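One structure is given below, encoded as structure tokens.
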Number of protein chains: 2
Amino acid sequence: MSAAKKKGKRARRRSAPGKKIAIAASREAAQRAVSEGELSGLIGYALRRAQLRVFDDFYAALSVEGITPARFSTLAIIDGNPGISQTSLAQTLDIARSGVVMLIDTLEQLDLVSREPIEADKRSYALHLTRGGKTALQRIRRQVAIHEARVCARLDEKEKKWLLKMLARVGAAR
Amino acid sequence: MSAAKKKGKRARRRSAPGKKIAIAASREAAQRAVSEGELSGLIGYALRRAQLRVFDDFYAALSVEGITPARFSTLAIIDGNPGISQTSLAQTLDIARSGVVMLIDTLEQLDLVSREPIEADKRSYALHLTRGGKTALQRIRRQVAIHEARVCARLDEKEKKWLLKMLARVGAAR
DNA sequence: TATTGTTATACTCTATAACTATA
DNA sequence: TATAGTTATAGAGTATAACAATA
């Protein structure tokens with residue numbers, strides 16, 4: 001409970017001590033060998049496991065900064081599309097507009113993003129990275145790259161490229 | 001709001017009408033082309049998108065039965081490991097024991113799973129599929145197979161196998 | 001009338017911690 | 001003391017619906 005940053009923290013998921021289980025289970029598999037059976041052949045199950053592992057690593061690496069996967073995605077999209085509206089951002093992230101409000105509220109409080117009024121349409125804002133947001137994003141990117149290398153440690157370049165391609169096919173709009 | 005089954009339902013996520021957006025966006029991409037930039041090269045982002053899409057399809061196909069991905073996984077694991085304890089199930093699913101309690105509560109209410117007392121250890125239960133649970137699981141499996149074929153429509157057999165292999169590597173315990 | 005951002009509200013999932021009853 | 005299951009509680013994430021301001 002550090003006083004400074006009460007918001008946007010949270011360690012999330014999975015207690016650290018639980019990790020030995022898998023090792024122990026594989027070492028003396030005969031003892032209790034819980035079979036996952038058909039599940040290991042299902043895309044959804046494999047995706048969930050992989051995603052939990054990757055997100056856990058992301059949180060471990062970046063929650064100190066108050067950065068979550070969604071917040072990083074938001075920063076990256078604003079950086080690549082300066083002046084984007086909240087509604088457009090919601091469509092890109094595929095979340096509800098109300099979700100974007102909270103996301104931007106948080107990033108604004110962290111002084112990483114600003115809502116700038118638009119003359120052409122007084123209903124909406126143009127989202128921009130602040131100066132601090134830009135430098136923070138550079139720093140965050142380096143950490144994300146390290147995280148990425150860590151979770152892809154068991155894949156070579158070709159395999160990773162291929163995996164991304166297959167995931168894009170599965171994740172493509174129907 | 002059908003009176004019969006008030007629990008365990010919920011359509012979840014993403015409004016149906018929203019689906020046209022992606023089509024329109026690709027058709028007239030030039031108009032607003034929001035760039036995802038670096039994000040599309042990140043495993044975590046690709047995993048999230050794929051998982052959302054796959055889970056949405058799962059819900060659409062199976063929530064009528066009151067079956068969610070987690071509940072299906074639970075049924076499958078109990079089927080493959082009859083008599084398993086709740087703690088062991090929690091370890092296998094990689095969730096907290098308290099989460100298993102609710103999961104089993106629900107499946108018990110659906111008359112799919114039973115907690116059976118163990119003589120050797122009066123603290124724990126042996127989990128089993130009920131008779132109805134077994135027949136339901138057969139039916140559910142057929143729907144899951146159809147769902148699986150649908151979300152893997154853009155992959156051939158070899159590609160799917162490969163994808164599962166790569167996902168297992170990424171999702172493997174560190 | 002339709003859209004943007006917003007607020008209010010609710011529900012799911014999952015976690016931690018404390019409790020009980022055994023072991 | 002340690003473990004199995006349970007309960008209570010809390011927080012993150014996301015959804016829907018209704019509203020004000022603006023188009």
Side-chain angles (χ1 to χ4, degrees), chain A residues 1 6-18 21 32 48 51-52 55-56 58-59 63 66-71 73-74 83-91 93-106 108 113 115-127, chain B residues 1 6-18 21 32 48 51-52 55-56 58-59 63 66-71 73-74 83-91 93-106 108 113 115-127:
Chain A
M1 294 83 171
K6 46 183 75 161
K7 263 289 176 44
K9 311 309 302 317
R10 305 276 331 147
R12 273 189 60 91
R13 288 193 53 78
R14 223 152 325 293
S15 57
I21 294 164
R32 180 177 278 192
R48 171 182 168 270
Q51 210 222 340
L52 285 180
F55 271 48
D56 273 359
F58 191 103
Y59 284 114
S63 62
I67 296 302
T68 63
R71 289 176 198 160
S73 297
T74 303
I84 191 175
S85 72
Q86 294 187 186
T87 294
S88 183
L89 185 58
Q91 291 169 356
L93 290 173
D94 201 8
I95 62 176
R97 280 176 304 153
S98 56
V100 170
V101 173
M102 286 182 306
L103 221 32
I104 300 300
D105 281 352
T106 303
E108 213 173 38
V113 166
R115 288 173 162 103
E116 303 190 0
I118 281 182
E119 311 145 39
D121 188 342
K122 292 187 177 173
R123 291 172 303 177
S124 71
Y125 297 113
L127 300 175
Chain B
M1 295 82 172
K6 44 182 78 160
K7 263 292 180 42
K9 312 309 302 317
R10 304 276 332 149
R12 272 189 61 91
R13 286 194 52 80
R14 223 151 324 293
S15 58
I21 295 163
R32 179 178 278 194
R48 170 182 168 269
Q51 210 221 339
L52 286 180
F55 270 49
D56 273 358
F58 191 103
Y59 285 114
S63 63
I67 296 301
T68 63
R71 289 176 197 161
S73 297
T74 302
I84 190 174
S85 71
Q86 293 186 188
T87 294
S88 183
L89 184 58
Q91 291 169 354
L93 290 173
D94 202 7
I95 61 176
R97 282 175 303 154
S98 56
V100 170
V101 173
M102 287 181 305
L103 220 33
I104 300 300
D105 281 352
T106 303
E108 212 173 41
V113 165
R115 289 173 162 104
E116 302 190 1
I118 281 183
E119 311 145 39
D121 188 341
K122 291 187 176 173
R123 291 172 304 177
S124 71
Y125 297 113
L127 300 175

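Nothing here was measured: the structure is a model prediction, and the numbers come from that model. Labels below follow one simple rule: chain letters A, B, ... track the order of the sequence lines, proteins then strands, and each chain is numbered from 1.
In this view, Glu119(B) satisfies the side-chain contact (heavy atoms from CB on, under 4.5 Å) rule with no residue, not counting sequence neighbours.
Contact between the side-chain N/O atoms of Gln86(A) and the OP1/OP2 oxygens of dT3(C) is not found at any separation under 4.0 Å. Within the 4.0 Å cut-off from OP1 or OP2 of dT12(C), not a single side-chain nitrogen or oxygen of Arg71(B) is found. Considering only side-chain N and O atoms, Tyr125(A) lies nowhere under 4.0 angstrom from the phosphate OP1 or OP2 of dT22(D). The side chain of Tyr59(B) contributes an N or O atom lying less than 4.0 Å from OP1 or OP2 of dC13(C).
Atoms CD1 and CD, from Ile104(A) and Gln86(A) in turn, are 6.0 Å apart once rounded to the nearest 0.5 Å. For the atom pair CD1 (Ile84(A)) and CD (Gln91(A)), the distance works out to 9.0 Å, reported to the nearest 0.5 Å. Here Ser88(A) contributes atom OG and Leu127(A) contributes atom CG; the two are 9.5 Å apart, rounded to the nearest 0.5 Å.
Residue Glu108(A) contributes atom CD, which lies 13 Å from atom P of dG5(C) at whole-angstrom precision. In this structure, the CZ atom of Arg48(B) is 16 Å from the C1' atom of dC13(C), given to the nearest Å. Asp56(A) has its CG atom 14 Å from the C1' atom of dA12(D), to the nearest Å. In this structure, Arg115(A) atom CZ and dT4(C) atom P are separated by 15 Å, rounded to whole Å. One interatomic measurement links the two molecules: CD1 of Ile84(A) to P of dT4(C), which rounds to 12 Å at whole-angstrom precision. One interatomic measurement links the two molecules: CG of Asp94(A) to P of dG13(D), which rounds to 16 Å at whole-angstrom precision. Taking atom CG of residue Leu89(A) and atom P of nucleotide dT14(D), one finds them 12 Å apart after rounding to whole Å. Separating the CE atom of Met102(A) from the P atom of dT16(D) is a distance of 13 Å, rounded to the nearest angstrom.
Of the candidates dT14(D), dG5(C), dA4(D), the closest approach to any side-chain atom of Thr87(A) belongs to dG5(C). Each of dA15(C), dG5(C), dT16(D) was ranked by its minimum atom distance to the side chain of Ala96(A); first place goes to dT16(D).
Comparing Pro69(B) and Ser124(A) along DNA chain C, the residue whose closest nucleotide (by nearest heavy atom) sits nearer the 5' end is Ser124(A).
Taking the six-membered ring where the residue is Trp, Phe55(B) and Phe58(B) present tilted rings, their angle falling between 30° and 60°.
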Legend entry - Sugar-phosphate or base contact per nucleotide [nucleotides 17-23 of chain C; S, B, -; heavy atom under 4.0 Å]: ----BBS

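Contact annotation: the side chain of Ser73(A) approaches that of Leu93(A) to within less than 4.5 Å [non-hydrogen atoms, C-beta and beyond].
Checked by atom type and distance alone, the side chain of Arg71(A) pairs as donor or acceptor with a backbone atom of Gly66(A) at under 3.5 Å.
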